[in-house]
Amino acid sequence: MSAEEDEEYFRNPEFRKALAKYEEAIRQGEPVYMEADELTDIAEFYMTKDRQQDADRVIELAVALHPDSVDPQVFLARRQLFVGNTDEARHISAAIVDQEDLEVKYLNAEILIKEGRIHEAVAYLLGVWSHLEEDGADFLYDAAGIFMDYNLWEYSMMWVHRLERLFPAYPKIKRMKAELMVCMGRYEKAIPLLNEMLDEDPYNKEVWNLLAESQGASEQFADAVDSAEYVLAIDKDNQRALVTKASCLFHMNQAHEAHVLYQKFLEGHPTDTNVLYLDAVCLASVEQYEESLQLILRALNTCEKDSPQYVHILLEKAYVESKLHRPDEAVQSIAQAEAMQMEEVDCEYGLLKGQVLLENGRDDEAVKCFVEALRVSADKRNTLWLIAIAHGDTEHYTEAAEMMLAILNTFPEDDDSPSPIPYLAYYYYMLNDAPSCLTYLKQSVQTDRQTTEQLFSSIYPGVTPDEYYLYVYRHFYGCFPEFADE
């Protein structure tokens, strides 16, 4: 089952009744007798709540009461898989009495996947499927779900396509296809499927959540906020919708509103690393750096130390410390992130150190960092670009303009690289160089309208990018260009 299906099952009155019966017996110290599948479901419920000791206690009871039952043994084997112990998982699987139970077959495939033997897992499940006499559609759906659980989206889609071809009326196809499209970042294909599902079931908050997330990921932020609000209209405390709405509001430059929603989420989930980090970024964007730093420290305390996310949080910490004019602490945070270096980066840490030093008035040290970064870089254009941006961000406009000119005159323009022209217009504006500013501004809107608007919108709020030239001309010369000769 998917996470949403698990959640729905755990809300089922029959399950809630079984859970209440078990917990009441435990509270009263009375002996418990329940079926193996009931006890296993309770253990899985506890796992979703991070109550591992309670889950272990239930499974021990299930094994004691039903030593030959499949479900508790599969649960134990999956616990071993979760910690990477495939040998023990295989040992448990091999000892299960009913080797023909499909749950055992699924478990064996998962062991192969966990060992990196993906093609063998596919071949194994195809072999099982070819001998099935019934439940073929459910098997194909479950097989797709297994590969989906391990983030093997393309393999999962292969099973979905087989299911769709052989059992086109199977009711869960559209939902799984949509989820896979979202996982693979194919939002333009996911969104129409999700809208079709909502036409059929307009109160399905899980589908609304998927739609909101897809719209947000494809930068349709206003639509995403609308979709998240539909979820909140159905379930006012829906945590997933709260975070999606907050994230989209942040991207719509409504950071204060986003912060309120992040805080509402954190009231119920104070140790959620991702939301702590997102709210820290949100606060930093409105220059509430001390408050941002406190959230970053909380996020670091809750984050696994060997995860890529820990590195990202350290780098945000460095950014905030630099803004608080604590350059030595910022450089130390960058060094800590660099020591962990979990992925290949092109001189990123040297550039970050340079920016911190430049921002804090240590220009000579910054130049050394930048020169070294440029020397070792495999992508000279991008590195010089980032150095220019760092100088512009720290109001070193003369140096920033010189570097952008060097990029313009040295490297050929291509569609995959940002254009220096809007930045040249902006930097020359800040340098009060009217002829140069107007020369580049005349080309800027056509070259990169969005960047031009980002750079000049705070100077000329309410003015369209097509009108910037007129207003900048007036700024320098006191009149609009059509009146210049009068």
Side-chain angles (χ1 to χ4, degrees), residues 1-20 41 44-45 48-49 137-138 141-142 144-145 148-149 156-157 160 163-164 167-252 254 257-258 260-269 272 274-275:
M1 288 191 290
S2 67
E4 289 78 11
E5 288 172 321
D6 284 338
E7 185 181 333
E8 185 177 343
Y9 175 75
F10 293 142
R11 289 197 300 265
N12 182 287
E14 189 174 337
F15 171 77
R16 303 305 298 187
K17 182 178 178 182
L19 176 65
D41 287 345
E44 289 178 348
F45 170 76
T48 66
K49 303 298 182 183
D138 288 337
Y141 177 80
D142 290 340
M148 195 172 180
D149 287 343
S156 182
M157 188 62 83
V160 171
L163 174 62
E164 189 173 29
F167 303 96
Y170 192 76
K172 298 179 181 180
I173 292 174
K174 193 177 292 184
R175 170 69 175 271
M176 183 170 273
K177 275 185 74 175
E179 288 183 2
L180 283 168
M181 292 299 181
V182 172
C183 292
M184 292 188 286
R186 299 177 187 172
Y187 305 112
E188 73 287 351
K189 293 185 177 180
I191 289 172
L193 284 173
L194 293 166
N195 278 318
E196 285 179 28
M197 293 165 65
L198 289 169
D199 287 341
E200 299 164 6
D201 183 4
Y203 296 101
N204 190 320
K205 62 185 179 182
E206 300 305 331
V207 178
W208 276 115
N209 268 323
L210 274 174
L211 179 61
E213 289 160 1
S214 300
Q215 291 165 328
S218 53
E219 299 185 2
Q220 301 173 46
F221 299 123
D223 290 340
V225 168
D226 288 343
S227 296
E229 286 177 345
Y230 273 107
V231 181
L232 295 169
I234 300 167
D235 176 6
K236 64 183 177 65
D237 296 318
N238 190 280
Q239 305 300 295
R240 190 171 160 190
L242 275 177
V243 173
T244 300
K245 182 179 177 182
S247 176
C248 292
L249 288 173
F250 172 74
H251 284 97
M252 295 166 69
Q254 298 180 44
E257 294 84 348
V260 170
L261 292 178
Y262 284 138
Q263 285 296 301
K264 183 176 180 180
F265 177 92
L266 289 169
E267 286 173 7
H269 303 80
D272 188 291
N274 188 51
V275 175

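Note that the numbering runs from 1 along the sequence shown for the chain. Since we're looking at a predicted model, the values are computed, not measured.
Between Ile234 and Trp208, some side-chain heavy-atom pair lies under the 4.5 Å cut-off.
Applying the side-chain contact (heavy atoms from CB on, under 4.5 Å) rule to Glu164 yields the partners His161, Ile173, Lys177; only residues at least two apart in sequence or on another chain are considered. Judged as a side chain to side chain donor-acceptor pair (under 3.5 Å), and not counting sequence neighbours, Asn274 has no contacts.
The two residues Ala228 and Ala212 come nearest to each other via the heavy atoms N-CB, 3.8 Å. A pairwise comparison of heavy atoms in Phe221 and Gly216 identifies CE2-O, 3.3 Å as the closest pair. Annotation for Ala258 and Phe250: closest pair CB-N, 3.8 Å, computed over non-hydrogen atoms. Looking at every heavy atom in both residues, Leu266 comes nearest to Asp272 through CD2-O, 4.3 Å. Pairing each heavy atom of Lys264 with each of Lys236, the nearest pair is NZ-O, 3.8 Å. Nearest heavy atom pair, residue Met252 against residue Val225, reads SD-CG2, 4.0 Å.
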Inset, instruction - Give the C-alpha distance, both sets of side-chain angles, the deciding distance and a yes or no for side-chain contact (heavy atoms from CB on, under 4.5 Å) between Arg16 and Leu19. - result: CA-CA 5 Å; Arg16 303 305 298 187; Leu19 176 65; 4.1 Å; yes
Legend entry - Stepwise side-chain contact (heavy atoms from CB on, under 4.5 Å) test for Val207 and Asp201: CA-CA 9 Å; Val207 178; Asp201 183 4; over 6 Å; no
Inset, instruction - Start with the C-alpha distance between Glu206 and Arg240, add both sets of side-chain angles, then the distance that settles salt bridge (Lys or Arg N to Asp or Glu O under 4.0 Å), and finish with yes or no. - result: CA-CA 9 Å; Glu206 300 305 331; Arg240 190 171 160 190; 3.1 Å; yes
Legend entry - Stepwise side-chain contact (heavy atoms from CB on, under 4.5 Å) check, Met197 with Arg175: CA-CA 8 Å; Met197 293 165 65; Arg175 170 69 175 271; 3.4 Å; yes
Inset, instruction - Check the pair Val275, His269 against side-chain contact (heavy atoms from CB on, under 4.5 Å), reporting the backbone distance first and the verdict last. - result: CA-CA 9 Å; Val275 175; His269 303 80; over 6 Å; no
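A donor-acceptor contact shorter than 3.5 Å links the side chain of Gln239 to the backbone of Asp237. Remark: the backbone N or O of Thr244 is not paired with any side-chain donor or acceptor of Ser247 at under 3.5 angstrom.
Classification of the Phe10-Phe15 ring pair by plane angle, with boundaries at 30° and 60°, yields tilted. Aromatic ring orientation, Tyr141 versus Tyr170: tilted (interplanar angle from 30° to 60°).
Distance CZ/Arg186 to CG/Leu193: 12.0 Å, rounded to 0.5 Å. Atoms OG and CD, from Ser214 and Glu179 in turn, are 10.0 Å apart once rounded to the nearest 0.5 Å. Between atom CG of residue Asn209 and atom CG of residue Asn238 there is a gap of 5.0 Å, rounded to the nearest 0.5 Å. The line from SG of Cys248 to CD of Glu213 is 9.5 Å long, rounded to the nearest 0.5 Å. Summarising the geometry, atom OG belonging to Ser227 is positioned 8.5 Å from atom CD1 belonging to Ile191; distances are rounded to the nearest 0.5 Å. Taking CG of Leu210 as the reference point, atom SG of Cys183 lies at 8.5 Å (rounded to 0.5 Å).
Applying the 6.0 Å contact sphere to CD of Glu229 captures more than 12 heavy atoms from other residues, nucleotides or ligands. The neighbour count for Glu14 CD, taken as heavy atoms of other residues, nucleotides or ligands under 6.0 Å away, does not exceed 12. Around atom CZ of Phe265, more than 12 heavy atoms belonging to other residues, nucleotides or ligands sit under 6.0 Å away.
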